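One structure is given below, encoded as C-alpha cells.
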Amino acid sequence: MTASSALLAHLNHEQLAAVTLPAAHALILAGAGSGKTRVLTTRIAWLIHTGQVSPAGVMAVTFTNKAAKEMLTRLGAMLPIPVRGMWIGTFHGLCNRFLRAHWKLAGLPQSFQILDAQDQLSAVKRVIKAMNLDEERFVPKQVAWFIAGSKEEGLRPKDVDVRDEHGRKLVEIYQAYEDQCQREGVVDFAELLLRTYELMRDNAALREHYQHRFRHILVDEFQDTNRLQYAWLKMFTGAHNSLFAVGDDDQSIYAFRGAQVGNMADFEREFRVPHVIKLERNYRSFGNILDAANALISHNTRRLGKNLRTEAGPGEPVRVYEATSDYAEAQWLLEEAQQLHRDGTPRSEIAVLYRSNAQSRVIESALFNAGIPYRVYGGLRFFERAEIKHALAYLRLIENPNDDTSYLRVVNFPTRGIGARTLEQLQDAARVSGRSLYQSVGAVTGKGGANLAAFNALVDAMRENTRGLTLREIIEHVVEASGLADHYRNEKEGRERLENLDELVNAAEAFVTQEGFGKDAVALPVDEQGVVAGLVPGALAAGDPPAPAPVEVAPDAETGEIVSPLAAFLTHAALEAGDNQAQAGQDAIQLMTVHAAKGLEFDCVFITGLEEGLFPHENSLSDYDGLEEERRLMYVAITRARKRLYLSFSQTRLLHGQTRYNVKSRFLDELPEGALKWITPRVQGFGSGFARDYQAAWASGSGLGSIVGAGRLPAASAPVTTADGVALRVGQSVFHTKFGEGVIVTLEGQGTDARAQINFGRHGTKWLALSVAKLTPVD
DNA sequence: CCCTCGTGGCTTTTT
DNA sequence: GCCACGAGGG
C-alpha cells in the first residue's frame with residue numbers, strides 16, 4: 001500500500017471524489033456529520049503528499065480558532081511535515097498575519113493593536129460623547145453595529161448610502177470613529193478584513209504575489225461567509241489558483257450577523273465551478289434521528305438540496321415529552337439525565353440545548369439543587385474578564401501609550417484621584433490638538449494634572465522596568481506595579497480575580513512555549529531588494545507554477561524585525577478570547593444554546609423549550625427568511641445527537657417575570673410520526689399533572705423559591721362551562737377549527753358573556769366569545 | 001469618589 | 001425576574 005493510498009483509505013466514495021478533485025474550483029455540500037473536516041484536511045494532505053503543492057502554497061480559512069486548531073492537529077497527524085508555517089487560520093488571524101507583514105502599505109503603525117467588541121463599543125461611546133450627540137438618539141450599541149455592518153459590506157463612510165439626517169449623522173460618527181482608531185493605532189475586527197481586502201484590491205503586485213503563492217485556497221463553513229469575506233476570498237483567487245469551498249446551506253444560522261448563504265450559489269455561478277460534490281452519508285446519527293432531520297428541513301424552500309442517509313440502522317425513536325411547566329420540564333430532564341448516567345452514559349455526552357440563554361436558568365437551578373455537575377457554555381470568556389482586560393490595558397500602554405481606549409480603562413483604576421472633571425479637561429485638550437490623551441497630559445493644570453502626570457510616569461516606568469524581561473516577568477511586574485494586585489488583595493471578593501491574574505501569567509507562559517510566541521505575529525523577513533521573503537514558496541513542489549519573476553512587494557523596510565513577545569501576546573489575547581472556564585475538566589452535563597452546539601456532537605441530546613414563540617422565536621418571524629433560519633437551527637440541533645434524542649416543550653413558562661402559556665412548536669408537527677415516541681405520562685391537564693407538579697415543587701422547599709422566583713400557580717380561576725356544556729380551565733389545550741390548537745390564557749365572565757383569551761401560537765393570541773366559538777378540549 | 005437605587009430591556013454570536 | 005447601566009446622594 002502506498003503512502004498516498006493509506007491517506008485515502010477509509011474514505012467513502014463521495015469523500016474520495018472530493019479529496020482528489022483536480023486543481024479547479026470546487027463546492028462541497030457537506031451535510032451534518034458527513035466528515036467535512038476530514039475531507040478538508042485530507043485534501044490538503046493529499047495535495048502536498050502527491051507533490052501538487054508545497055505547504056507554503058496552501059491557505060485554509062476557518063471561522064473559529066477551534067476549527068483552525070483542529071485542522072492543524074489533524075493535519076499534523078497525517079503529514080510528517082511541520083505545519084507551522086502554513087497559512088491555516090481564521091479569517092481574522094490570517095488578516096492579522098497579512099497586515100503585520102504589510103503594515104506600512106496598509107497604513108498602520110507596526111505595533112497596531114486589535115479592539116475586541118467591548119473595546120469597540122467604548123471607543124464608539126467616546127466618539128459620540130466627543131461629538132456632543134445624544135446617546136438616546138445614537139445608541140452606542142446600534143452605532144457600533146452600524147459601523148461593523150458597513151465595513152462588512154465593504155463600505156467606508158464615503159460609500160454609505162445616506163437617506164436622511166439620522167443616516168448622515170451616523171456616517172459622520174463612523175468617519176470620526178475611523179479617524180480616532182487611526183490616530184490611536186488600533187483596528188477593530190471588521191477592519192482587519194476590510195484593510196486586507198482593500199490592500200489586495202489596490203495593489204496589483206501584492207495581489208499577484210499572493211494569488212501565485214496560494215495555489216490552493218480552502219474555506220470551511222462557507223455558508224457563514226459575509227459579503228466582505230466573500231470579496232476577500234475573490235481577491236486571493238486568481239487565474240493560477242483554485243478555491244475549494246465546503247459548506248452546508250442547511251446549517252446556515254448566522255444571517256443575523258451578516259452571513260450570506262447566497263454566497264454558495266454566487267460562488268458556483270461566478271466561478272463557473274466545475275465540480276459540486278454532495279456529502280450525504282452521515283456517520284454520526286441513527287436513522288430515526290436523520291429521518292427527523294430530513295423531514296424537518298424538507299419544509300424549507302430555496303435549498304441546494306441534500307438528504308442525509310446512514311447505514312447504522314434506525315436506532316431508538318426520538319422521544320418527545322410534554323411538560324406542564326418549565327420547572328417540570330427541568331425536573332423531568334434531570335431525572336432522565338440521571339438515568340442515562342446510571343446506565344453508563346458519561347455526563348459530558350449529555351447535552352441540553354435551548355434556543356435562548358434565558359432558558360438555562362430553570363435547568364441550571366434544577367441541576368444545581370440536585371447536585372448534578374453541569375457546564376454552561378457561553379458567557380464571559382477568559383480574556384474578556386474585567387481584571388484581565390485591566391491588566392492587558394496596562395500592557396498595551398507599554399507597547400503604545402497613545403491607545404486611548406486602554407488609557408481610559410486604567411487611568412483611574414485602581415483609583416488615583418483622577419475624576420470625571422479632570423478626564424473631561426484632558427479629552428478636550430486632546431481633541432483640540434488632535435493628539436492622544438497620553439500626549440495631552442501637560443494641558444491639564446492643578447491637582448488633576450499632577451495626578452495625570454504621575455500616571456504617565458507610571459506607564460513610562462513600567463516600560464523602562466520591563467525592558468528585556470521575559471513575557472512572564474513583564475506581566476508579573478505590571479500586575480504589581482499597576483496596583484491591580486493590591487487592589488484585588490484588599491477587595492473582599494478579589495480572590496477569584498487574583499487567581500485569574502495568576503492565570504494570565506500562565507496563559508502567557510503557555511503562549512511563549514507552545515509554538516513559539518510569534519506564529520501569527522512574526523513579520524515576514526525582507527531581503528535586500530525589499531522583496532518579502534516567503535511570499536513565493538521557497539521549495540517549489542512539482543505542481544507549483546514556475547516561480548514568477550520576483551516582484552517588488554511591500555518594501556516595508558523594518559519588517560525584518562520580529563515583533564516583541566508582548567505585542568504578539570496582546571494580539572493573541574484579542575483574537576482568541578479563550579474559554580469560559582466554568583468547571584472545565586469535570587464530567588458534567590453540557591448546557592448551551594443551539595447556536596453554540598453547532599459543530600459539536602453528543603450521544604444524547606435534549607432539545608428543550610420547543611414552543612411557538614420560543615423556538616421558532618417570535619422575533620424571527622418578522623425577519624426575511626426568519627422562519628427558515630429557525631428551522632435550520634432546529635436542523636442543527638437535531639443532527640447533534642448520535643444515539644438518543646429528546647424533544648421537550650412545556651405548557652407554561654416563566655418568561656420576563658410572567659407566566660406564558662405556549663403552544664407546542666410547529667417544528668414538532670413537521671417531524672415524521674414514525675420516528676417519534678411520545679413519552680409524556682398520561683396524567684395531563686390542569687387538574688392533575690399540572691397542579692401536582694407545582695405542589696410538589698413548592699413542597700420540596702429547598703431553594704425552590706430561587707428557582708421559580710415569584711412564580712405561582714396561574715390564578716386558579718373557576719372553570720367556565722360553555723353553552724355546549726364543556727368545562728374550560730386556564731392552561732387547558734383546546735382545538736379551534738380555524739386557528740388550530742391553542743392554550744387558554746385567561747377566562748372571564750359566565751354564561752353567554754364568557755370569553756376566553758387563547759394563545760394559538762403562530763396564529764397569535766385571540767379573545768373569543770365562548771357562546772360563539774366552537775372549541776374542543778384537547779386530551 | 002463610591003455605592004446604592006431605579007429604570008429599561010430582554011434571540012442567536014465569532015473574531 | 002434578572003441584569004446591566006446610569007444618575008444621584010452620602
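Letters A, B, ... are given to chains in the order of the sequence lines, protein chains preceding strands, and every chain is numbered from 1. On a predicted model such as this, the values are computed, not experimentally measured, just so you know.
Between A/H595 and A/F256, the gap from one ring centroid to the other is short of 6.0 Å. Aromatic ring centroids of A/H299 and A/F667 lie 6.0 Å or more apart.
Under 4.0 Å is where a charged nitrogen must lie from a carboxylate oxygen, and between A/E152 and A/R257 no such pair does. Between A/R302 and A/D249, no side-chain nitrogen of the basic residue sits less than 4.0 Å from a carboxylate oxygen of the acidic one, so the salt-bridge criterion is not met. Between A/D116 and A/K389, at least one side-chain N (NZ, or NE/NH1/NH2) sits under 4.0 Å from a carboxylate O, which counts as a salt bridge. Ion pair A/R303/A/E628 not flagged as a salt bridge, since none of the NZ, NE, NH1 or NH2 atoms sits closer than 4.0 Å to an Asp/Glu carboxylate oxygen. A/E670 and A/K664 are not joined by a salt bridge, as no carboxylate oxygen comes within less than 4.0 angstrom of a charged side-chain nitrogen. Salt bridge status for A/R632 with A/E629: present, with a side-chain N to carboxylate O gap under 4.0 Å.
One can place NZ of A/K125 at 13 Å from P of C/dA4, the figure rounded to the nearest angstrom.
Taking atom P in both C/dA4 and B/dT13, one finds a spacing of 15 Å when rounded to whole Å. Nucleotides B/dT12 and C/dC5 have their P atoms positioned 16 Å apart, rounded to a whole Å.
Side chain of A/H656 to main chain of A/Q658: no donor-acceptor pair is present (N/O by atom type, distance under 3.5 Å, no hydrogens or angles).
Residue A/I418 is in sugar-phosphate contact alone, with no base atom involved, counting any heavy-atom pair closer than 4.0 Å across all strands shown.
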Q.
For a quick check, with a 4.0 angstrom heavy-atom cut-off, what is the B/S/- contact string for nucleotides 8-15 of chain B, read 5' to 3'?
A. --BBBBBB
Contacts under 3.5 Å, N or O only, protein and nucleotides 7-10 of chain C:
none

Below 3.5 Å is the cut-off: list the nitrogen or oxygen pairs between protein and nucleotides 2-6 of chain B, distance only.
unit_1: B/dC2; atom_1: OP1; unit_2: A/T415; atom_2: OG1; d: 3.0

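At least one test fails for A/R381 against the ring of A/F383: distance under 6.0 Å to the centre or angle within 45° of the axis. Geometrically, A/R126 does not engage A/Y177 in a cation-pi contact, judged by NZ or CZ lying under 6.0 Å from the ring centre and within 45° of the ring axis.
Taking syn as a glycosidic angle within 90° of 0, B/dT12 does not qualify and is anti.
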